[in-house]
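None of the values given here were measured: they were computed from a predicted structure.
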Amino acid sequence: MNMMLFAVLSLFACASAFGVYAQEINYSEYDRLTRKYVDERGLVNYNGLKSELGALKTFIDQISAVSPQSHPQQFKDSGEQLRYWMTAYNAWVMYIAASEYPSKSSLWNFLGLFRNRDIKLGGKQMKLGDLEHKIIRAGYKDPRIHFYINCGASGCPALGRGVIPQLKTSDALDQSARRFINDTKNVKYDAADKRLYLSKIFDWFEDDFLNYLKEKNGSQTPHIAQYILLYLDGPSHEALQKTPLNEIRVSYLSYDKSLNEQ
């Protein structure tokens with residue numbers, strides 16, 4: 001009987017060691033905190049969030065222990081994996097910024113760098129840049145992610161309130177793309193001048209958008225305006241659509257690196 005008990009205990013110990021029984025991610029605190037401290041513009045009340053830093057740390061501790069790499073069995077599909085990675089990115093950025101607030105250079109130093117900040121996900125140490133470029137961009141090749149992940153700067157996409165609902169990752173990405181592209185702070189078309197003004201995001205990650213168009217349309221020489229037209233609404237869409245691609249001139253708007261605080 002003692003041998004049987006020993007065998008059962010050993011089995012549980014081994015399972016625990018390999019993370020089989022690791023607790024699933026609970027997004028409720030992240031959902032509550034972003035609904036409370038992020039406004040409709042996507043700006044953060046960092047002073048208020050700092051007062052509940054312990055609650056945010058509870059969520060950070062969860063994602064530090066479990067990820068799709070360390071516990072793939074907890075994530076139903078690639079959409080749920082991406083939901084985790086993007087939420088983790090935004091949560092870590094918020095945590096770093098709130099932890100060091102009222103410093104406003106906690107993410108963007110005088111060189112404009114933030115990607116070298118250390119984070120931990122699924123028991124693995126990495127940089128914010130690793131998460132963005134090696135996992136999210138390289139792993140999922142979906143340019144819509146550039147409208148959801150938030151780097152803590154005012155020029156970034158608006159930070160979302162609440163968590164992406166389960167199995168709704170693609171819907172959330174579509175909403176983020178439409179919100180970003182229909183904000184004249186990020187995209188403007190001057191029909192008279194045939195000039196398309198774009199956020200620097202479209203410059204920095206141009207290959208992501210053009211490669212998507214190549215795969216979607218089979219075009220070897222896609223134009224960034226074709227991507228904009230996928231989400232642009234109203235009169236600007238009509239005017240841009242009527243303009244021959246070879247006549248459209250592209251200019252990039254200045255990027256605001258100030259902290260995205262209320």
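- There is a side-chain donor-acceptor pair under 3.5 Å between Asn260 and Tyr46.
- The closest side-chain heavy-atom distance from Val187 to Asn182 is not below 4.5 Å.
- Phe202 places a side-chain heavy atom less than 4.5 Å from the side chain of Ile181.
- Taking every heavy atom of both residues into account, Ile201 and Gly155 meet most closely at CD1-O, 4.3 Å.
- Residue Lys50 qualifies as enclosed at atom NZ: its count of foreign heavy atoms under 6.0 Å is above 12.
- With sequence neighbours excluded, no residue forms a side-chain hydrogen bond (donor to acceptor under 3.5 Å, both in side chains) with Ser51.
- Looking only at side-chain heavy atoms (C-beta outward), Tyr89 and Glu132 come within less than 4.5 Å of each other.
- Using cut-offs of 30° and 60° for the angle between ring planes, the Tyr95 and Trp92 rings count as perpendicular.
- At least one donor-acceptor pair under 3.5 Å links the side chain of Asn150 to the backbone N or O of Pro157.
- Ion pair Asp61/Lys57 flagged as a salt bridge, since at least one NZ, NE, NH1 or NH2 atom sits closer than 4.0 Å to an Asp/Glu carboxylate oxygen.
- Counting only heavy atoms from C-beta outward, the side chains of Ile164 and Tyr27 never approach each other to under 4.5 Å.
- Closest approach of Val38 and Arg161 over heavy atoms only: O-NE, 2.7 Å.
- A 4.5 Å side-chain heavy-atom check between Arg32 and Glu52 finds at least one atom pair inside the cut-off.
- For the salt bridge (charged side-chain N to carboxylate O under 4.0 Å, His left out) criterion with Asp39, the lone passing option out of Arg35, Arg41, Lys36 is Arg41.
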Run the side chain to side chain contact (heavy atoms under 4.5 Å, CB included) test on Leu82 and Leu173 for me, step by step, so that the C-alpha distance in whole Å, both residues' side-chain angles and the decisive distance to 0.1 Å come before the verdict. CA-CA 10 Å; Leu82 183 54; Leu173 288 174; 4.0 Å; yes
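- Side-chain N/O atoms of Glu261 and Tyr101 include a donor and acceptor closer than 3.5 Å.
- For the salt bridge (charged side-chain N to carboxylate O under 4.0 Å, His left out) with Arg144, the lone residue among Asp174, Asp171, Asp208 that qualifies is Asp174.
- Using the six-membered ring where Trp is involved, Tyr227 and Phe209 have ring planes that are perpendicular, over 60° apart on the 30 and 60° scheme.
- When every heavy atom of Glu29 is checked against every heavy atom of Ala55, the shortest pair comes out as OE2-CB, 3.2 Å.
- Side-chain contact check for His146 versus Arg137: some heavy-atom pair is nearer than 4.5 Å.
- Nearest heavy-atom pair, Cys151 versus Leu107, reported as atom, atom and distance to 0.1 Å: O-CD1, 3.5 Å.
- Under the rule for a side-chain hydrogen bond (donor to acceptor under 3.5 Å, both in side chains), the partners of Glu100 that lie at least two apart in sequence or sit in another chain are Arg117.
- For the residue pair Val66 and Ile25, the shortest heavy atom distance occurs at CB-CD1, 3.9 Å.
- Judged purely by atom type and a 3.5 angstrom limit, Asn211 uses its side chain to pair as donor or acceptor with the backbone of Asp207.
- Surrounding NZ of Lys200 are more than 12 heavy atoms belonging to other residues, nucleotides or ligands, all under 6.0 Å away.
- You'll find the side chain of Arg115 stays beyond 4.5 Å of the side chain of Lys127, heavy atoms only.
- A 4.5 Å side-chain heavy-atom check between Leu53 and Ser99 finds at least one atom pair inside the cut-off.
- Under a 3.5 Å cut-off, the side chain of Gln262 and the backbone N or O of Leu43 do form a donor-acceptor pair.
- Among all heavy-atom pairs drawn from Gln166 and Glu80, the shortest one is CG-OE1, 3.3 Å.
- A donor-acceptor pair shorter than 3.5 Å cannot be found between the side chains of Tyr255 and Trp204.
- Looking at Ser176, its side chain never comes within 3.5 Å of a backbone N or O of Tyr148 through a donor-acceptor pair.
- Under a 4.0 Å N-O distance rule, the pair Glu215/Lys141 does not qualify as a salt bridge.
- Tyr140 and Gln81 share a donor-acceptor pair across their side chains, judged by distance under 3.5 Å alone.
- No side-chain donor-acceptor contact under 3.5 Å links His133 to the backbone of Ala138.
- Using modelled atom types, no side-chain atom of Ser67 and backbone atom of Ile63 make a donor-acceptor pair closer than 3.5 Å.
- Leu253 and Trp108 fall into different hydrophobic clusters, where Ile, Leu, Val, Met, Phe, Trp and Tyr residues are linked whenever their side-chain heavy atoms come under 4.5 Å apart, directly or through other members.
- Leu167 and Ile145 fall into different hydrophobic clusters, where Ile, Leu, Val, Met, Phe, Trp and Tyr side chains are chained together by heavy-atom contacts under 4.5 Å.
- Tracing side-chain contacts under 4.5 Å through hydrophobic residues (I, L, V, M, F, W, Y), one reaches Tyr252 starting from Ile228; they form part of the same cluster.
- For the residue pair Arg195 and Ser251, a side-chain donor N or O sits within less than 3.5 Å of a side-chain acceptor on the partner.
- Between the Gln226 side chain and the His223 main chain, a donor and an acceptor come within less than 3.5 Å of each other.
- The ring-ring contact (aromatic ring centres under 6.0 Å, His included) check on Tyr197 picks up nothing, with sequence neighbours excluded.
- Side chain of Ser154 to backbone of Asp256: no donor-acceptor contact under 3.5 angstrom is found.
- Atom CZ of Phe205 has more than 12 heavy atoms from other residues, nucleotides or ligands within 6.0 Å.
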